[in-house]
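Beneath this line is the structure, given in structure tokens, with notes to follow.
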Amino acid sequence: MDRCCLLIDTDPGVDDALAILMAHAHAEVVGLGVTAGNVGLAHTLANALKLVEVAAADTPVFAGCPMPLVRAAADAAFVHGADGFGDTGYDPAQRVPAAEHAVSAILRLARERDGELTLVALGPLTHLALALRLDPDLPKRIDRLVVMGGAVNGRGNTERVPAEFNIGFDPEAAHVVFEGWPQFDLVDWEATLRHGLDFAKVERWLMADDPRARFYAAISRRTRAWTRARGRPALMVADALAMAVAIDPAIVVTAEHHHVAVELDGALTRGATVVDWEDRMGRRPNARIVQTVDNGRFEALVAGALGAAC
Ligand code: BDR
Ligand code: CA
């Protein structure tokens with residue numbers, strides 16, 4: 001596995017946290033753009049700074065947009081806690097954000113590292129949409145785009161049933177990205193459901209004598225309990241799965257290439273991802289929809305990021 005170079009856009013978020021620890025353990029990370037999403041921007045920014053500290057890194061953290069492009073949207077504090085990190089009352093990071101806006105940092109880093117970067121979108125696509133509008137040639141300068149988002153068969157995780165959170169939070173932004181980015185990897189919520197992490201293994205990894213394991217054990221306590229209480233068979237870590245695909249492209253066992261569009265209007269379906277499974281619309285496939293990954297390799301990437309043996 002070649003060590004790749006990552007630019008991450010994120011709304012931390014407990015599963016974002018695991019993904020960001022994985023990125024720092026297994027790749028070079030050139031920056032974190034931070035958006036509102038799981039909770040408000042003040043919290044997601046503080047959480048991103050704290051993660052960089054926990055990872056013992058000096059990755060620049062760029063604050064971005066406090067709301068979606070068009071319509072305000074509900075957050076996911078009921079899953080992640082009011083602060084997005086399980087309300088543990090952690091000591092704030094000593095680090096401070098960079099002065100540059102996240103969208104401007106994406107454009108600059110893409111030029112400076114022309115053709116080298118894997119862009120990983122772990123939150124609403126607000127920043128990527130703005131970056132694309134400012135520079136429609138941006139995709140030419142990015143090696144790969146990996147998006148965590150969507151529910152490709154309509155089994156979403158929001159109150160608008162077919163919509164997944166990241167796409168449902170800012171559907172207009174997702175529409176801009178899906179229409180403007182020629183080819184991206186899509187890791188959706190339904191793939192997440194198929195690749196849950198075994199609870200017993202996670203508990204074991206979290207016992208590792210490592211600051212990353214201790215921090216993640218604390219901030220994920222609430223979501224682990226919430227997941228078990230809902231009767232789920234395993235821990236769902238959507239952003240960690242997307243990060244595994246970003247770090248180790250060969251982890252993908254099966255995938256399908258189709259055109260994916262975003263529903264913007266439906267009273268029941270706004271934010272749904274509509275997949276042309278049978279290629280009836282004659283539109284160029286824009287998404288490689290990840291179906292299955294090698295679970296053993298996924299587990300190894302997670303365990304390694306917590307300082308644990310798999
Ligand atoms: C996505 O929504 C957020 O709550 C998670 O962080 C993840 O990015 C899963 O639907
Ligand atoms: Ca996220």
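Whatever order the structure lists them in is the order used to number ligands and atoms, beginning at 1.
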Return the [atom1] to [atom2] distance between [X] and [Y], rounded to the nearest 0.5 Å.
X: Leu49; Y: Leu32; atom1: CG; atom2: CG; result: 8.5 Å
X: Asp294; Y: Thr254; atom1: CG; atom2: OG1; result: 11.5 Å
X: Leu145; Y: Leu117; atom1: CG; atom2: CG; result: 11.5 Å

Which angle, to the nearest 10 degrees, do you find at the Ca ion (ligand 2) between OD2 in Asp16 and OD2 in Asp239?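 Once rounded, the angle between the two atoms at the Ca ion (ligand 2) is 70°.
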Geometry at the Ca ion (ligand 2) - Asp11 OD1 versus Leu122 O angle, rounded to 10 degrees: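 It comes to 90°.
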Intermediate values then yes/no, side-chain hydrogen bond (donor to acceptor under 3.5 Å, both in side chains), Asp279 and His259: CA-CA 7 Å; Asp279 304 326; His259 189 269; over 6 Å; no
Quick one: side chains of residues 58-76, donor-acceptor pairs under 3.5 Å with protein atoms, not counting sequence neighbours, listed by atom name and distance.
from, atom 1, to, atom 2, distance (Å)
Thr59, OG1, His24, NE2, 2.6
Asp75, OD1, Ala77, N, 3.1

I'd like to know if Glu172 and Arg270 make a salt bridge, using a cut-off of under 4.0 Å between side-chain N and carboxylate O.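 Yes, charged N to carboxylate O under 4.0 Å.
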Distance under 4.0 Å, heavy atoms only, partner ligand 1: which residues pass?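 The 4.0 Å shell around ligand 1 contains Asp15, Asp16, Asn38, His80, Leu122, Met148, Asn157, Glu164, Phe165, Asn166, Trp189, Ala238, Asp239.
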For the residue pair Phe184 and Phe178, does the interplanar ring angle fall in the parallel (under 30°), tilted (30 to 60°) or perpendicular (over 60°) class?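 Ring orientation of Phe184 relative to Phe178: tilted.
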